[in-house]
Protein chains: 2
Amino acid sequence: MDTKDTPWEPLGQGKVTDRIAQQILLLIAREQLRPGDRLPAERELATVLEVSRPSLREAVRSLQAQGHLEVRHGSGVFVAEPHTVRELRAAVLQQQLSLDELFAMREVLELPAAVWAAERRDADKLDAVRGAYEALVAAAEEPDIDLQRLRALDTAFHLSIVDAAGNRFLEQTAGVLHDMLAAGMRTTMWVPGRLETSQREHERILVALLAGDAAAARRAARRHIRAAHIAGLSRIEAT
Amino acid sequence: MDTKDTPWEPLGQGKVTDRIAQQILLLIAREQLRPGDRLPAERELATVLEVSRPSLREAVRSLQAQGHLEVRHGSGVFVAEPHTVRELRAAVLQQQLSLDELFAMREVLELPAAVWAAERRDADKLDAVRGAYEALVAAAEEPDIDLQRLRALDTAFHLSIVDAAGNRFLEQTAGVLHDMLAAGMRTTMWVPGRLETSQREHERILVALLAGDAAAARRAARRHIRAAHIAGLSRIEAT
DNA sequence: CCTCCTCCTGTGGTCTGACCTCTGGCCGAA
DNA sequence: TTCGGCCAGAGGTCAGACCACAGGAGGAGG
């Protein structure tokens, strides 16, 4: 019956441990703590937050696993380097799916997508594809190129094709795949000359789709994905 | 004083909590636990591993933060689904997908799977496929046929092929697809004569895989999926 | 006989308080 | 001044108890 609204909804709910984790993140933000800075001792923190030490330790473990904290026996708990955060997240998030597996799946999903999109001839959806293509071209011709934005537009172009294929399961699957890809290739970087080549390949795909030529669309899509795969690999090796 | 060689050096060092985390991952691998399966209770696990419950819980927290485990209050600790699967399922669950879309995706996913499985020639995985086939045949020959069980074995057969293809993204995606399919065709029912036909088609796929004939495997898989599609449709219309 | 509600059991969630181990600085001896 | 050991404070681990939730078994009522 005391379903009354608790006055402090922002953190008032959920398991104690999770609340502690949020509190610690808040603490770091509020105190402007930088990577390498030390947090209060476990016992002290537990006292301040009015929780037991085991609960606090679970929260710390959780944040450590997420890469936010670093624990040194005998010394204390420290704010971790954000650099480590990203590596950890990338490795964990995609559970080590290799680029080869991901690009193989691009072929599996996007070649049928191109074929279906060409066959269906859905005017509205194909217009959307054309719009995505034009946005991508426009962004690539600007003076100072925003690689981050370019990647997003590239993804949008390919997903617009998948959308035009008219299969919602395919659409969702391709969306997740591109998320993985984006996470795996976080450091946006293009092999020299890749940008122009890529645009030509995109154009070929678009033309084939608008012409309703399924076979040509399939070929163009395959050519593009394989080139992108190779470019992705060379980027890795260059690291 | 027991600095002596512990029988399991690979994990003998480092903090207890971290060792526990590794042990749990090993346990999942060794016991072939799949997403959704339950782990032993915390108290039991702590006893077996000869550690205290707080330490065990810290390890679980850590694995939970990394997405390997899912903890449900009052129910137990479970192996979590990979992020890809979780996202896809959440996205797909919302929409009412048609049988046509689902079966179209079966072709998209399972034809490449058959090709790859035939090309890789992974003896262990192909043995698993053979095992799944034999289990399916055995179940179909029993006097009183359990349609529910038959469907599960049929799914297991097809997923074993996908597994033999060696692409984890494909594996996870196909898993979700078959779940959707099972949900969409809840009332298990077979068109008269479909059972025997289906078994023949399965056999063809299996033979092609064992022979390493990728083209034949692809043809056999396509034939089977299309036949299953038609059977599924006729069932709907008969309603 | 069936249905609904209650209660019980098992499981995770949290707490208390104790002891061990490591790190790093203080401080006395050489 | 330098080197060494000492020790306070930090995290690491443990034991046992009790709380809160989920789900099924079993009894009460229809």
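Taking only side-chain nitrogens and oxygens, Ser55(A) never comes nearer than 4.0 Å to OP1 or OP2 of dG13(C). Within the 4.0 Å cut-off from OP1 or OP2 of dG9(D), not a single side-chain nitrogen or oxygen of Arg43(A) is found. OP1 and OP2 of dG10(C) both lie 4.0 Å or more from every side-chain N or O belonging to Ser75(B).
If you take CZ of Arg53(A) and P of dA10(D), they are 10 Å apart, rounded to a whole angstrom. For the pair Glu42(B) CD and dA22(D) C1', the computed distance is 15 Å after rounding to whole Å. Atoms CZ (Arg72(A)) and C1' (dG12(D)) sit 17 Å apart, rounded to a whole Å. dA10(D) atom P lies 18 Å from atom CD of Glu70(A), rounded to whole Å. For the pair Glu58(A) CD and dT14(C) C1', the interatomic distance rounds to 9 Å; values are reported in whole Å. What separates CG of Asp18(B) from C1' of dG12(D) is a distance of 11 Å, to the nearest Å. Rounded to whole Å, the distance from CG on Leu45(B) to C1' on dG10(C) is 15 Å. We find that CZ of Arg57(A) is positioned 17 Å from P of dC20(C), with the value rounded to whole Å.
The side-chain contact (heavy atoms from CB on, under 4.5 Å) with His178(B) is formed by just one residue from the set Leu109(B), Leu102(B), Thr155(B); it is Thr155(B).
Side-chain proximity of Ala41(B) to dG12(C), dC14(D), dT14(C): nearest is dG12(C). Each of dG12(C), dA10(D), dC14(D) was ranked by its minimum atom distance to the side chain of Arg38(A); first place goes to dA10(D). The side chain of Arg61(A) lies closest to dT13(D), out of dG12(C), dG11(D), dT13(D). Listed nucleotides dA15(D), dT14(C), dA10(D) differ in distance to Pro54(B); the shortest reach to its side chain belongs to dA15(D).
Taking the six-membered ring where the residue is Trp, the centroids of His202(B) and Tyr133(B) are separated by 6.0 Å or more.
Within the 3.5 Å criterion, the main-chain N or O of Glu101(B) finds a donor-acceptor partner in the side chain of Asn167(A).
Comparing His73(B) and Ile20(A) by the nucleotide of DNA chain C whose heavy atom lies nearest to each, the residue mapping closer to the 5' end is His73(B).
Residues Arg222(B) and Glu107(B) are not paired through a salt bridge, judged by the lack of any N-O separation under 4.0 Å between the basic side chain and the carboxylate. Remark: Arg72(B) engages Glu70(B) in a salt bridge, criterion side-chain N to carboxylate O under 4.0 Å.
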